[in-house]
Amino acid sequence: MTRIASHRGGTLEFGDSTPTGFRATARMPLDEVEFDLHPTRDGAIMVHHDATLDRTTDTAGAIAELSEADVRRAVINYSAGEHPLSLTELCAIYAPSSVEFRCEIKPGSNGRAYRDFVPGVIATLEREGMLARTTFSSFLLETLEELGAASTRPRLWLVSPPVLRQLGLTAVAELLSARGIDEIGINIDDADAELMAAFSAAGIQFGCWAAHTTPQIEKALAMGVKVFTTDRPTLAIAIRNRITEERPV
Ligand code: MG
């Protein structure tokens, strides 16, 4: 069965990376929760999508240049006055849940990988008992290499539409196999059965991201992709249930 990953805790249902969204997703009958991590100036690891607080909160500034206390004071837009969580707090929410982690390591606001960030993430996940339930993702091959050197957990490469178009399937498959990565995530609008079959033939598991509308979710389920991320987890669960019920036994 195709796996559903609640993207940033279900942004279109609960706001972007909100505590309410993450708590709700932990209680849902789905498979994974997707989230993004950034370091603060004083070494905390915070759960937030953007590298800055500008777009999604009432506060401005790059997370990596702010203190943990500064980030915790920021109020997330379209939340009920909530503040960003730390990775430790996120682990506490999911430890009693059966939902697994799909952990994206983001670059900084300059687009480059944070220095010496990955070891702290892995150590925190291990300490909080969530490392064995984590799949890592990144758009940066450099970050995936760092993760591969520090952990045996599964990794997947998020490939943006322009990168996929410019490199093409063969080059993407070669880049993955050279790094021992066996999964790819591409935009649902770029996905089709032919592309999935070609990656599958190359031994690469095929997943999608940004399936937020009913047609996008239905497409991912009809294709039978391994997993897709969605900002609308409640909708995705309802559609998956409907399709499962309709399927002949
Ligand atoms: Mg992400």
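Since we're looking at a predicted model, the values are computed, not measured. Ligands are counted one by one from 1 in listed order, and the atoms in each one are counted from 1 as well.
Among heteroatoms of the N, O or S kind in Asp36, OD1 lies nearest the Mg ion (ligand 1). For Glu104, the N/O/S atom at the shortest distance from the Mg ion (ligand 1) is named OE1. The closest approach of Glu34 to the Mg ion (ligand 1), by N/O/S atoms, is made by OE2.
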*Apply side-chain hydrogen bond (donor to acceptor under 3.5 Å, both in side chains) to the pair Thr135 and Glu32, showing each step before the final yes or no.*
CA-CA 9 Å; Thr135 294; Glu32 300 177 16; 5.4 Å; no
*For the pair Thr230 and His7, evaluate side chain to side chain contact (heavy atoms under 4.5 Å, CB included) and give the outcome as yes or no after the intermediate values.*
CA-CA 5 Å; Thr230 179; His7 188 231; 5.6 Å; no
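Contact check on Arg102 versus Glu104 returns no salt bridge, with no Lys/Arg side-chain nitrogen under 4.0 Å from an Asp/Glu carboxylate oxygen.
Inspection of the Thr56 and His49 side chains reveals no N or O donor paired with an N or O acceptor under 3.5 Å.
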